[in-house]
Amino acid sequence: MLALRGGFHIDLARELHRVALELAETGGGVFVDCSQAEHLDGCTLQVLLALKLALEQRGGWLRMKGESEEIRKYLGWAGLASHFPIRGPSDAVTETPVAPRKKRRARKTPL
């Protein structure tokens with residue numbers, strides 16, 4: 001369990017990076033508890049994404065839980081929502097809803 005508290009900004013990224021390196025060596029699963037986090041910046045998300053990928057390469061996983069609506073919106077804006085899916089009430093992992101793409105019209109061939 002990795003618990004993030006308060007406003008997580010670039011000045012704390014170095015410590016998070018150190019902890020992430022230690023966790024990546026385990027190859028197990030890691031829950032990131034964001035229930036007390038007010039904000040995550042791009043540096044923080046970069047470290048968490050790198051940790052997630054490193055854990056997955058060793059057969060592990062990373063899941064976020066307790067994230068606020070603001071953090072969810074930021075993940076969507078940053079294009080990372082699919083990397084950090086929403087956890088449902090039953091602790092099942094569900095994908096973040098994605099807006100449907102517009103369907104292309106088939107070209108009509110001239111007669």
A.B. asks: Might you point out which heavy atoms bring Glu67 and Cys34 nearest each other, and give the distance in Å?
C.D. replies: CA-CB, 3.8 Å
A.B. asks: Report the distance from atom NE2 of His83 to atom CG of Leu75, rounding to the nearest 0.5 Å.
C.D. replies: 10.5 Å
A.B. asks: Using side chain to side chain contact (heavy atoms under 4.5 Å, CB included) as the criterion, list what pairs up with Ala24, not counting sequence neighbours.
C.D. replies: Leu51, Ala54
A.B. asks: Taking side chain to side chain contact (heavy atoms under 4.5 Å, CB included) as the test, write out the residues that go with Glu70, two or more places apart.
C.D. replies: His39, Ser68
A.B. asks: Can you list every ring pair (Phe, Tyr, Trp, His ring centres under 6.0 Å) pair that touches residues 43-73, not counting sequence neighbours?
C.D. replies: Phe31-Trp61
A.B. asks: List the residues meeting salt bridge (Lys or Arg N to Asp or Glu O under 4.0 Å) with Glu22, not counting sequence neighbours, and say none if there are none.
C.D. replies: Arg18
A.B. asks: If you look at every heavy atom in Leu49 and Leu80, which pair is closest and at what distance?
C.D. replies: CD2-CD2, 3.8 Å
A.B. asks: side-chain contact (heavy atoms from CB on, under 4.5 Å) between Val32 and Phe84: does it pass, once the steps are laid out?
C.D. replies: CA-CA 10 Å; Val32 178; Phe84 302 104; over 6 Å; no
A.B. asks: Taking only residues two or more places apart in sequence, or in another chain, which ones meet Glu56 in a salt bridge (Lys or Arg N to Asp or Glu O under 4.0 Å)?
C.D. replies: Lys52
A.B. asks: Which heavy atom in Leu55 sits nearest to a heavy atom in Leu23, and how many Å separate them?
C.D. replies: CD2-O, 3.4 Å
